[in-house]
Every structure is written in C-alpha cells, then in structure tokens.
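Let me begin by presenting the structure, written as structure tokens, before commenting on it.
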Amino acid sequence: TADGATPGGPDGVVVPQGSAASVADRPEEDRLSPTSTPHINPQGAPIAETILLPGDPLRAKFIAETFLEDAVQFNSVRNMFGYTGTYQGRELSVMGTGMGIPSIALYSWELINVFGCTKLVRIGSCGGLTEGLALNDLVLAQAASTDSNYLAQFDLPGTWAPTGSFRLLDHVYRAAESRGITAHAGNVVSSDTFYHAQDDTTERWAKMGVLAVEMETVGLYANAAAAGVEALAMFTVSDNLATHAQMTPEQRQTGFAQMIELAATVTEL
Ligand code: HPA
C-alpha cells in the first residue's frame with residue numbers, strides 16, 4: 001500500500017514493510033508460502049521454518065516490531081497476526097495461536113503441513129503447580145499431559161505422552177543457564193478448562209509431579225510428532241496455584257522479553 005503497510009495488514013497496526021532482504025529476496029521456489037489455508041493467507045509473504053508462537057497475536061506484533069529486522073506481515077486472517085523477518089541475521093517468523101488446544105492445533109497443523117515450518121516454539125505463561133516454582137521462573141515442557149480429548153484422533157493402542165524436541169529443549173535450557181535464568185524442565189498439563197468444576201483438579205496433577213498448567217502444548221507437541229518436526233513449549237510462571245502468588249502486569253512484560261530472547265536462540269540450530 002501507499003504508506004508501506006504490509007499485505008494483509010489491517011490499517012495502522014502493521015510493522016513497516018522494509019526490505020526483508022533475506023526472506024523476500026529468496027527465489028520464488030524457495031518460499032514456504034505457496035498457498036493459503038482457511039486461517040492463514042500470506043499473499044506471497046514468506047514464512048520461516050522456525051516460528052515463535054505466542055498465544056496473543058498482539059504479542060506477535062510486539063515481537064516483530066521489537067525483535068525482528070525487516071519484518072513483513074504474513075497473516076491477518078481473524079486478526080491472528082503473523083510476521084516474518086530476521087533475528088541476528090537468521091530468518092524467523094512469529095505468529096499468534098489463540099488460546100486453547102483447538103486453536104493452537106489448527107494453526108500449528110497448517111504451519112507444519114502446508115507452510116513447511118519445522119521448528120515451532122510456543123512462548124506463553126503458565127500457572128505453577130508446585131511451591132518450587134517462583135514467579136518469572138522459566139518452565140520448559142519436556143512432555144504434556146492433558147484432560148483434553150485431542151489425542152484420541154491418533155487412535156493409539158494405549159496412552160500417548162507427547163514430548164517436546166529434546167534438541168530444542170536442551171539448547172534453550174543451556175542458553176538459560178548461561179544467562180543465569182532459572183529454568184525447570186518437566187511435565188506440564190494442557191487443560192481445556194481454566195475454571196475447574198472440581199476444587200482439587202490442579203492438586204491432583206501436582207501430586208504426579210506435573211510442574212505447571214497451561215492450555216495449548218499437547219496440541220502442538222502431538223501435531224509436531226505426527227509430522228516428524230521439532231517443537232518446544234516454554235513459559236514464564238505468571239501465577240502459582242500452590243502459593244497463590246500472582247505477577248503484576250509489569251512483571252509479565254519483563255519476564256516475557258527474556259523468554260523471547262531465549263526462544264529465538266533456536267534459530268542457531
Ligand atoms: N491455568 C491455565 N493456564 C494458565 C494459567 C492457569 O492457571 N496461568 C497461566 N496460564
């Protein structure tokens with residue numbers, strides 16, 4: 001458009017189109033956005049193989065504006081903003097997923113199976129289930145348990161335990177360690193319910209050593225495993241259900257910035 005807004009971007013809320021040197025200049029046949037889906041319409045804008053996935057599309061926009069260079073917008077369908085640019089010279093995309101397993105599952109399915117993403121990193125917040133998790137600590141999901149029925153469709157002859165990519169997890173864990181950031185790796189539970197009908201729901205998961213509750217990871221991990229690509233989910237602890245501690249909105253922002261930088265280290269792989 002005349003003011004340099006990116007294709008598909010709603011007026012006034014787009015990042016500058018820029019030159020997107022390394023992504024927009026790729027030969028047509030190397031681009032990973034050959035088509036559109038019901039939920040993602042890149043209109044020819046590229047999507048990188050590595051993508052960060054915050055729940056909130058406005059966080060995707062913030063990340064594109066703050067951390068990416070030469071970002072172009074590749075999606076605005078349903079305001080689920082997605083952007084591609086470079087981070088420290090390497091291609092990186094970022095897109096919102098919405099909340100809940102059905103939402104992250106449909107977006108991640110399309111990103112993996114239609115647009116060719118091979119490294120998907122969810123960045124979000126979680127509710128800590130054990131006293132050992134302080135506010136702002138980082139949780140890396142080794143595996144995701146769930147109360148959802150999402151896994152039933154895979155029709156396995158038992159109970160499947162979707163896991164994250166050890167390679168991505170190990171890389172981010174070491175990056176956190178080297179920056180003096182406390183990281184906990186373990187099981188999380190991806191729940192369909194934020195408000196539970198039974199009082200002891202989260203305590204029962206905590207008793208089994210599950211570190212934290214959130215609402216998306218099992219869908220991402222299952223889709224990634226089914227397609228043979230790598231995924232990782234990482235969270236800052238925004239509240240603790242055992243200690244009743246809660247972050248202030250300002251604390252949420254700080255923890256989030258630190259997590260984005262850690263997540264973006266997977267572009268080194
Ligand atoms: N429940 C589910 N998801 C969450 C929570 C929670 O308490 N905190 C942050 N994400």
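All ligand and atom numbering here is 1-based and tracks the order in the structure. Hydrogens, waters and symmetry mates play no part in the numbers below; they use all other heavy atoms, side chains included.
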Need the ligand 1 atom indices (1-based, order shown) with element for anything under 4.0 Å from a heavy-atom of [X].
X	result
M215	2 (C), 3 (N)
L241	7 (O)
S125	9 (C), 10 (N)

[Y] side chain reached by [X] side chain, heavy atoms, under 4.5 Å:
X	Y	answer
R179	T265	yes
K119	V121	no
S93	Y83	no

Ligand 1 contacted by S238 (non-hydrogen, < 4.0 Å): yes
Nearest candidate to atom 4 (C) of ligand 1, where distance is taken over non-hydrogen atoms, out of T193, T236, V213, N240: V213
Identity of the nearest option to atom 8 (N) of ligand 1, non-hydrogen atoms only, from D239, V188, T202, D192: D239
Residue, atom name and distance, where the atom is the protein heavy atom closest to atom 5 (C) of ligand 1: G127 N, 3.6 Å
Closest protein heavy atom (residue, atom, distance) for atom 3 (N) of ligand 1: E214 CA, 3.5 Å
F194 contact mode with ligand 1 (heavy-atom cut-off under 4.0 Å): side chain
Which segment of C126 sits under 4.0 Å of ligand 1 when only heavy atoms are counted: backbone
Heavy-atom closest contact (Q73 atom, S76 atom, distance): NE2-CB, 3.6 Å
Exercise: identify the closest heavy-atom pair between V94 and L68: CG1-CD1, 4.0 Å
Under 3.5 Å side-chain donor-acceptor pair for E49 and T118: yes
Polar side chain donor-acceptor pair, E214 to S190, under 3.5 angstrom: yes
